[in-house]
> 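Dropping the structure in here first, questions after.
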Amino acid sequence: MKKLLKIITAAAGITLTAYVTPCEAQQVTPYNPNKIYYPEYQQSARAEFSFPKVGKYEVMICDYHSHTMFSDGLVWPTYRVEEAWNDGLDALAITDHIEYLPFKKYLNSDHNTSYEIAKPKADELGFILIKGSEITRKQAVLGHFNALFIKDANPIAVEDPKASILEARKQGAFIIWNHPGWAVDSTYMKDFQKNLLDEKLFDGIEVFNSREYYPRVLSWAVDNNLTIIAASDVHGTLDDKTISENGAHRPVTLVLAKERSSEGVKEALFAGRTLALFHNTIAAKESIASDFVDACIKVKKLFENGKNVTLILTNSGDIRFTFKVGKSTYILPAKSSITISLPATSKRIDANFTNIFIYENRTLAHSLQIQ
Ligand code: ZN
């Protein structure tokens, strides 16, 4: 099996990326009996993180909210791309704040810089990097908004908050209202946000941001047909293993795209075909959640004795499902199968998925068909 080996040629100060086998790796370093080479310290591997197609759609794994040192993040833009690629993502938006720039005195004044630094690295990896900006106004009154697929971040940096949003719109941006419940005690819509909603000046909304889930926001998304988003809003790093050791992954938006491309992602976002995935939990519109479950879980008959039937449920998605059938609770781990026994007369499995939210605190009731 081939592994990706990154060979850093320290002396030349350049980074090369090549597919080599461990055996070939030995040949990279000339034999020297006085120096033993351990490639692991310079090697990065991409996690395999995948879901089966949902109907005709590809499931793309995306994070639409991240920062670099070009706003208040702590990392260089290329690091953000490599981190996302290693994390198994298909697309990332770098959304540096255009107003909040704590390192301003060290930076130039071009708001496009982080994207321009990161884009060649993304291209090298065949990774989708989305150009974005975070329009950052007083959280308690106006809030923060991410504009994605912008052309030029500089004209968005104007004083009037609505003019800023309108400029992003003029550039064809997909606009997300970020973390509506962050830094406020209760999640509610302020006048500015109501006005933007009435004028359809934002398209998506974060139901999950960083470590926070906002159940009420899911109901707003469903009631107003807004695209449902989960995002990391990462400022530092995500690779300290804490998240994976807790059995989870960074919050991501799963996008049901017609094609694996930037255009495919954009079309799906505007069409609202997303699921928010955070900590083995999904928040999505009911029909999308049902289609997703049907794509991931297949049910087959294993054995029948006239009284009971044994069914095998196979999950080909990278998410652990938790569901109830009657009074019994089942856990179906990612990329795994479990068996359950039901009365022989059962034609389907009437399940309630306790880790899939479809409206505020309502979970998905869905019947799995037996094939
Ligand atoms: Zn942010």
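Numbering of ligands and ligand atoms starts at 1, following listing order. Residue indices begin at 1 and follow the sequence shown. Everything numeric in this text was worked out from a predicted model, so none of it was measured.
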> State plainly whether the residues D123 and K119 are in salt-bridge range, i.e. N to O under 4.0 Å.
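Salt bridge between D123 and K119, a charged N being under 4.0 Å from a carboxylate O: yes.
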> Is it possible for you to check whether K104 lies under 6.0 Å from the centre of the six-membered ring of Y106, through NZ or CZ, and within 45° of that ring's axis?
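No - K104 does not lie over the ring of Y106 by the 6.0 Å and 45° rule.
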> If the threshold is 4.0 Å, N to carboxylate O, is there a salt bridge linking D203 and R169?
yes
> Is D90 salt-bridged to R46, cutoff N-O under 4.0 Å?
yes
> If we ignore hydrogens and angles and just use 3.5 Å, is the side chain of R273 paired with the main-chain N or O of L256 as donor and acceptor?
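Here the side-chain-to-backbone pair exists.
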> Are side-chain heavy atoms of K121 and Y79 found at a separation under 4.5 Å?
no
> Show all protein N/O/S atoms under 2.8 Å from the Zn ion (ligand 1), or state that there are none.
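Per the 2.8 Å query on the Zn ion (ligand 1), atoms found are H65 NE2, H67 NE2, E134 OE1, D233 OD1.
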